[in-house]
Colleague: 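Sharing a structure here in structure tokens format.
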Number of protein chains: 2
Amino acid sequence: MSRSGADLALLMLGGFRVLADRATAELAARGHDDVRPVHDFALQAILSGADSASELGRRMSVTKQAAAKTIAALEERRYVVREPDPDDRRRMRLQVTDHGLAMLREGEAIFDEMRRSWEEQVGADVLREVESALRALVGDRTVRLDSPGWVGHELES
Amino acid sequence: MSRSGADLALLMLGGFRVLADRATAELAARGHDDVRPVHDFALQAILSGADSASELGRRMSVTKQAAAKTIAALEERRYVVREPDPDDRRRMRLQVTDHGLAMLREGEAIFDEMRRSWEEQVGADVLREVESALRALVGDRTVRLDSPGWVGHELES
DNA sequence: GCATAGTGGACAACGTGGTTGTCCTCCACT
DNA sequence: AGTGGAGGACAACCACGTTGTCCACTATGC
């Protein structure tokens, strides 16, 4: 096979999609429907300090407008609240709600569980190698999440 | 770190994106601008027998409408031509042009070269393990390519 | 031979998650 | 006080999917 390079790329995309699709389904099963990993990741970023739209945009390497849309979605689903910043009247400070924290915890557990089960399947040392090899490939780049659509699909069972 | 599961997913996405972005840039540098890996993959599928919109849709696990749009893009860029099928007057038979073949060859070479260089970086046996571990995760699922936007960005250098 | 079911394809409307571009408010600095 | 820059909102647009509908044609069954 001479498509090995392309296949490899597809394999990575496939791996991500499998994980993301399962996580979406599992999250839905646990009561957080209509949530996709983007939301989880964004929430994570907000929690770890990206408390404004502009800042969130920077962290996720998307425009502030895109970040604002994500935030609007999160707000609508009650994962975050926005309140005017008393110190800077331009800003709307973001705050993760309890509901958001719960979702975050669920997401974390789901992803960790998937990792664990894969580890069981292929072996701990192989997984370690996979991770470090991927890290070598990806380097220090921030992983951008601007991938509309990649995750909004049903499992194909 | 307790985000290891989520990080792992992100790592895969990141790996894919690094590969895809580089391929896009490299393809552009070689005269095929405005081509993204989707096009390469679709062309590949057409070449290997998916010679109609419906069939292409089936192979790529998208609707025939989506496939038709991809085909329209490929046709516009002169990578394929559509001509009426003399035996079945409903069909428009697809044919990859020389220009398309050239792009395919370039794409292949680029992906293979990236694979080779990664192999050099992490070692051949590690790469083999990565591939088989990923294959174990992905399973027999067809990797869907319905990932709008994931690849149309500039490298961040 | 002919009605009916199914397939290929086109068109339109829509959804999602991005992008630019513009504008306004407010902060910060000279 | 005036000016530059940051935060944010709004609108238009793009890419790439999705449904839904419709038509032309093929294939099948009586």
Side-chain angles (χ1 to χ4, degrees), chain A residues 13 17 20-21 24 34-42 46 50-77 80 82-94 143-154 156, chain B residues 13 17 20-21 24 34-42 46 50-77 80 82-94 143-154 156:
Chain A
L13 177 61
R17 289 191 54 97
D21 284 352
T24 305
D34 221 31
V35 186
R36 261 144 294 171
V38 218
H39 298 133
D40 181 293
F41 297 135
I46 293 169
D51 69 337
S52 71
S54 295
E55 181 56 27
L56 182 60
R58 258 174 252 124
R59 300 256 188 133
M60 309 214 316
S61 306
V62 297
T63 55
K64 56 182 179 175
Q65 290 89 333
K69 288 190 192 179
T70 303
I71 290 169
L74 288 173
E75 190 183 14
E76 201 178 322
R77 293 165 177 72
V80 297
R82 285 160 15 112
E83 44 192 32
D85 184 327
D87 298 340
D88 184 340
R89 282 159 53 204
R90 288 170 305 179
R91 301 183 77 173
M92 289 297 272
R93 208 137 43 148
L94 298 176
V143 176
R144 304 180 58 163
L145 287 166
D146 52 349
S147 304
W150 31 256
V151 114
H153 304 282
E154 298 307 315
E156 322 171 31
Chain B
L13 178 61
R17 289 190 53 94
D21 284 353
T24 305
D34 221 31
V35 186
R36 262 142 296 165
V38 219
H39 298 132
D40 181 292
F41 295 135
I46 292 169
D51 68 337
S52 72
S54 296
E55 181 56 28
L56 181 60
R58 257 173 253 126
R59 301 256 186 132
M60 309 213 315
S61 306
V62 297
T63 56
K64 57 182 179 175
Q65 290 88 334
K69 288 191 192 177
T70 303
I71 291 169
L74 288 173
E75 189 181 16
E76 201 178 323
R77 293 165 178 72
V80 296
R82 284 162 13 113
E83 43 192 33
D85 184 326
D87 297 340
D88 184 339
R89 280 157 57 202
R90 288 169 306 179
R91 303 183 75 174
M92 290 296 273
R93 208 138 40 148
L94 298 176
V143 176
R144 302 180 56 163
L145 288 166
D146 51 351
S147 305
W150 29 257
V151 109
H153 304 282
E154 298 307 313
E156 322 171 33

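Per chain, numbering begins at 1; letters A, B, ... match sequence-line order.
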Colleague: Rounding to a whole Å, what distance do you find between B:M60:CE and D:dC16:C1'?
Modeller: 10 Å
Colleague: Does B:S54 make a side-chain N or O approach to OP1 or OP2 of C:dG9 shorter than 4.0 Å?
Modeller: yes
Colleague: Under 3.5 Å between N/O atoms: give me all the protein pairs with nucleotides 2-5 of chain C, atom names plus distance.
Modeller:
none

Colleague: Measure the distance from CZ on A:R91 to C1' on C:dA28 and round it to the nearest whole Å.
Modeller: 14 Å
Colleague: If you look at every strand shown and take non-hydrogen atoms under 4.0 Å, does B:A53 touch a base, only sugar-phosphate, or nothing?
Modeller: sugar-phosphate
Colleague: Which atom names give the shortest non-hydrogen contact between A:I71 and A:V80, and what distance separates them?
Modeller: O-CG2, 4.2 Å
Colleague: Of all heavy-atom pairs between B:A67 and B:A53, which one has the smallest distance, and what is that distance?
Modeller: CB-O, 3.4 Å
Colleague: Measure across B:T70 and B:A42 and return the closest heavy-atom pair with its distance rounded to 0.1 Å.
Modeller: CG2-CB, 3.9 Å
Colleague: Once you round it to whole Å, what is the distance between C1' of C:dG8 and CG of B:D51?
Modeller: 12 Å
Colleague: Using five base pairs at each end, measure the axis-to-axis angle across the helix from C:dG1-D:dC30 to C:dT30-D:dA1 and round it to 10 degrees.
Modeller: 10°
Colleague: Indicate, with a heavy-atom threshold strictly under 4.0 Å, whether B:S52 touches base, sugar-phosphate, or nothing.
Modeller: sugar-phosphate
Colleague: Is there a side-chain polar atom (N or O) of B:R36 under 4.0 Å from OP1 or OP2 of D:dC14?
Modeller: no
Colleague: Between B:I71 (CD1) and C:dG9 (P), how many Å, whole number?
Modeller: 7 Å
Colleague: Could you tell me the separation between the CG atom of A:L94 and the P atom of D:dG7, rounded to a whole number of Å?
Modeller: 12 Å
Colleague: Just verifying a value: how many Å separate B:R17 CZ and A:L13 CG, rounded to the nearest 0.5 Å?
Modeller: 10.5 Å
Colleague: On DNA chain C, compare the nucleotides closest to A:R90 and A:T70; which residue's is nearer the 5' end?
Modeller: A:T70
Colleague: Rounding to an integer number of Å, can you tell me how far B:Q65 CD sits from D:dG17 P?
Modeller: 12 Å
Colleague: Pick the closest DNA chain C nucleotide for A:K64 and for B:E55 by heavy atoms, then say which residue is nearer the 5' end.
Modeller: B:E55
Colleague: Could you work out which one of D:dG17, D:dC25, C:dG9 sits closest to the side chain of B:K69?
Modeller: D:dG17
Colleague: OP1, OP2 of D:dG7 versus side-chain N and O of A:R58: anything below 4.0 Å?
Modeller: yes
Colleague: With no hydrogens and no angle check, is any side-chain donor or acceptor of A:R59 less than 3.5 Å from a backbone partner on A:E55?
Modeller: no
Colleague: Can you give me the closest heavy-atom contact between A:P86 and A:R93, atom names plus distance?
Modeller: CD-NH2, 3.3 Å
Colleague: Taking side chain as C-beta onward, heavy atoms only, is A:K64 less than 4.5 Å from A:S52?
Modeller: no
Colleague: Could you report the tightest heavy-atom contact between A:D87 and A:D85, atom names first, then the distance?
Modeller: N-OD1, 2.6 Å
Colleague: Are the side chains of B:D34 and B:H39 in touch, meaning some heavy atoms are under 4.5 Å apart?
Modeller: no
Colleague: Just how far, in rounded Å, is P of D:dG8 from CG of A:L56?
Modeller: 10 Å
Colleague: Tell me what A:R93 touches on the nucleic acid: a base, only sugar-phosphate, or nothing, going by heavy atoms under 4.0 Å.
Modeller: nothing
Colleague: Measure the spacing between NZ of B:K69 and OG1 of B:T63 and express it to the nearest 0.5 Å.
Modeller: 8.0 Å
Colleague: Starting at atom CG of A:D87, determine the distance to atom C1' of D:dA6, rounded to an integer number of angstrom.
Modeller: 16 Å
Colleague: Does C:dT7 have its OP1 or OP2 closer than 4.0 Å to a side-chain nitrogen or oxygen of B:R89?
Modeller: no
